[in-house]
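Working notes for the structure below.
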Amino acid sequence: MAGWARAIRKASAPAALLMPITLLLGVFFLVPLGIMVVYSFLEAGMYGGVTWTFYPYNYGRILGWPIGGGEEFDPVYLWIFLNSVRFALMTVVVTLLICYPAAFWVAGMPANRKTLILFLITLPFFANLLIRIYAWLLLLRPTGFINTILQALGVIAEPLNMIFTEFAVVVGLVYTLVPFMFLPIYANVERLDGALLQASQDLGATPLQTFRRVILPLTLPGIAGGSIIVFIPALGNFIIPAFLGGSKVQMTGNVIERQFLQARNWPFGASLTMLIMAVVMTLLLIYTVKIMRRGDDRQAAG
Amino acid sequence: MGAQRKRRSVLRGALNAYGALFLVFLYAPLVLIFVYSFNANPINMAIWSGFTTDWYKFLFGMQPAGAAFDSAFAESPDKIMAAVRNSLIVALSASTLSTIIGTATALAIARYHFFGKRAYQGLLLLPMLMPDIVLGLALLIFFVGLGMKLGLFTIVIGHCTFLSSYVFIVVSARLAGMDQSLERASADLGAGPWTTFRRITLPQIMPGVLGGFLLAFIISLDDVVITYFIAGVDSQTLPLFILAMMRRGVRPQVNALAVLLILFTFVIASIGLYLRSRRT
């Protein structure tokens, strides 16, 4: 009897500790996401709101299948979505190119300086997102810092048109997401075993071979992790394209925002959001499966 | 051997130069705002026309609206104060709640084994990984569907959903680095779980809990996207105020406000990061 009571008490402790987070995420995360999925299959009401009938035509409007209801297939949504994927990929590539050498720079430092530099690299990330975007507005606009300096130096006669371009959007995305790429790569580079590099060299590998056959494979998990957590927020972003891309650069986030707040077609906005969700969930699933397999391998080897 | 050492030092030099550039890239935009916030030129901030603290005075309502100050900003000092107050209310409540929830979660995950633990940990990270726009809109649909009035309360709930995950991670790291023998000793000496937690565990994980709280506070204070969707018409936070300012165009007052917010954020984030990085 006493053993039975103790078993319950033992099981009830984690249950009690996990109760708040379970309620919080259940009620205010999973249920809302579920409702959004449902909404994406409903018809928009005449004056905002929804009609509770099964209505797959929101997806038809985006993807071009079952056409019906009042909806017509418009390839522009798919095109904007693919464009967003392209922006997110460019952001991943640029942040990777920036962060990879930077990780080696920090990893090679003496321990006390390392802490300081890591702190300095993380700090700008805490500056408000809007302020970081605003800073690039000040740098890139025709009367901004870069143009003024270049004109004063006589390098250019007319101000360069940098703001409201794809370039500006990528710069903004890169600047705000750099820490997400840096930290996972750094964690990997930091753990690189110097003996392996030495062995590769002793066996006669050129530096390039050592990099390709030893360093790159060993840092691949960091690259993969960083790429995913840069890609995801970049894909759904709408604030950066709104301010740095102007009306010329459209990302799916901007279309979704307008569907919700201006057109007030929530079901259509929800089905566009599902497009982003689908990509995000697929990426996370692939990543988790790979990580788990890696973990299993290690267990099998040990 | 000498050639190799030489090559290594050249590589090190190149990396150092690169690192310096990297830091310039990270800080130059923020330094620029700082410099511009003292520039008297209200039209083109890139052209220096003298030092002034007028933009700061204006924020605190100390400057009568002269020719340089357009009417769009005439009422802003009051509005800023209201936005600051809203932001602080939200950030304090959301980070306090998330710290309690996140710490409890971290304890359960670190100290107990139960079925489905791995899946649970995955679920805990999901709100952080979800793009902000998805979380914001899901909450908007949910709150409106329930007929809840959008306002500070809904913002606090929305922030808690992802801040608890941040606190969970920070406190988990602290718990992982902690010596469990004291906890066992305490239990062996007859202390109940609650006494052990209060007298042994909590004091040891306190830096992690405080660090988690401060990081949650900063992230809540700075959140734009989720707040944007679930804030009511009369519950503007500071970031939403800045968003509205930016929509009206680039103006020197924004620089001053940005500098103050950057400094405030940096101080709190520094304390949070320091507490987090401190070894047991």
Side-chain angles (χ1 to χ4, degrees), chain A residues 13-14 17-18 20-21 24-25 28-29 31-33 35-36 39 98 101-102 104-105 108 115 119-124 126-132 134-139 141 143-145 148 175 178 229 232-233 235-236 238-239 243 253 256-257 260 266 269-270 273 276-277 280 284 288, chain B residues 12 15-16 18-19 22-23 26-27 29-30 32-33 36 44-47 100-101 104-105 107-108 112 114 122-124 126-127 129-134 137-142 145 157-158 160-161 164 193 218 222 224-225 229 239 242-243 246 250 254 258 261-262 265-266 269-270 273 277:
Chain A
L17 287 172
L18 288 174
I21 193 91
L24 180 74
L25 294 188
F28 296 110
F29 180 63
V31 169
L33 284 181
I35 295 178
M36 183 136 85
Y39 256 63
I98 291 177
F104 282 89
W105 172 58
T115 319
F119 169 73
L120 286 179
I121 291 175
T122 330
L123 201 57
F126 290 99
N128 188 288
L129 169 77
L130 290 170
I131 290 173
R132 284 181 286 163
Y134 176 77
W136 282 98
L137 215 61
L138 293 179
L139 277 160
R141 52 191 196 125
T143 56
F145 185 73
T148 309
Y175 186 67
V178 140
I229 54 174
I232 291 174
L235 182 68
F238 73 94
I239 301 237
F243 280 105
I256 294 173
E257 189 230 344
F260 269 90
W266 288 18
T273 314
I276 291 181
M277 279 275 283
V280 169
L284 290 179
T288 317
Chain B
R12 195 64 226 164
L15 271 182
N16 281 335
Y18 179 80
F22 182 56
L23 285 181
L26 289 178
Y27 281 91
L30 303 180
L32 185 75
I33 299 184
Y36 280 2
N44 188 344
M45 293 170 218
I47 295 167
I100 297 169
I101 298 174
T105 313
L107 277 171
Y112 297 96
F114 53 89
L123 171 70
L124 289 173
L126 215 50
L129 290 169
M130 209 44 75
D132 289 354
I133 192 171
V134 175
L137 288 174
L139 285 166
L140 172 68
I141 296 179
F142 180 71
I157 293 177
C160 282
T161 54
S164 301
I218 287 301
D222 277 350
V224 185
V225 177
F229 289 115
I242 295 174
L243 187 74
M246 279 170 66
V250 170
V254 185
L261 192 57
I262 292 173
T265 311
F266 277 11
S270 307
L273 289 174
S277 69

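A note on names: the letters A, B, ... follow the listed sequences, proteins ahead of strands, and every chain is numbered from 1. What's counted below: heavy atoms across the whole structure, side chains too, no hydrogens, waters or symmetry copies.
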Go through the atoms of [X] and report whether side chain, backbone, both or neither lie under 4.5 Å from a heavy atom of chain A.
X         : value
Asn16(B)  : both
Phe266(B) : both
Val134(B) : both
Leu23(B)  : side chain
Ile218(B) : side chain
Pro239(B) : both

Report which part of [X] has an atom under 4.5 Å of a heavy atom belonging to chain B: side chain, backbone, both, or neither.
X         : answer
Tyr39(A)  : side chain
Leu284(A) : side chain
Ile21(A)  : both
Phe238(A) : side chain
Leu25(A)  : side chain
Leu18(A)  : both
Leu130(A) : both
Ile229(A) : side chain

Which atom pair, heavy atoms only, marks the closest approach of [X] to [Y]?
X         : Y         : result
Ala127(A) : Asp222(B) : C-OD2, 4.0 Å
Tyr18(B)  : Pro101(A) : CE2-CB, 3.7 Å
Tyr27(B)  : Leu120(A) : OH-O, 2.5 Å
Gly236(A) : Pro131(B) : CA-CB, 4.5 Å
Phe142(B) : Val31(A)  : CE1-CG1, 3.7 Å
Ala108(B) : Pro14(A)  : CB-O, 4.2 Å

Looking at [options], which has the largest count of heavy-atom pairs under 4.5 Å with chain A?
options                                    : result
Ser270(B), Gly145(B), Ala269(B), Pro127(B) : Pro127(B)
Ile262(B), Asp132(B), Leu261(B), Thr105(B) : Thr105(B)
Thr265(B), Ile133(B), Leu107(B), Ile100(B) : Ile133(B)
Ile242(B), Leu32(B), Leu30(B), Leu123(B)   : Leu32(B)

Q.
Holding to side chain to side chain donor-acceptor pair (under 3.5 Å), I want the full list of residues that pass it with Tyr134(A), two or more places apart in sequence or in another chain.
A. Asn255(B)
Q | Side-chain heavy-atom pair Val280(A), Leu129(B) within 4.5 angstrom cut-off | A | no
Quick one: of [options], who has the most non-hydrogen atom pairs under 4.5 Å with chain B?
options                         : answer
Phe243(A), Phe119(A), Tyr175(A) : Tyr175(A)
Ile276(A), Leu138(A), Ile256(A) : Leu138(A)
Phe104(A), Trp136(A), Trp266(A) : Trp266(A)

Rounded to the nearest 0.5 Å, what separation is found between the [atom1] atom of [X] and the [atom2] atom of [Y]?
X         : Y         : atom1 : atom2 : result
Leu26(B)  : Leu123(A) : CG    : CG    : 10.0 Å
Leu124(B) : Leu24(A)  : CG    : CG    : 10.5 Å
Thr143(A) : Met45(B)  : OG1   : CE    : 8.0 Å
Glu257(A) : Phe229(B) : CD    : CZ    : 5.5 Å
Leu137(B) : Leu33(A)  : CG    : CG    : 10.5 Å

Q: Kindly determine whether Val224(B) and Asn128(A) satisfy side-chain contact (heavy atoms from CB on, under 4.5 Å), including the steps that lead there.
A: CA-CA 8 Å; Val224(B) 185; Asn128(A) 188 288; 3.9 Å; yes
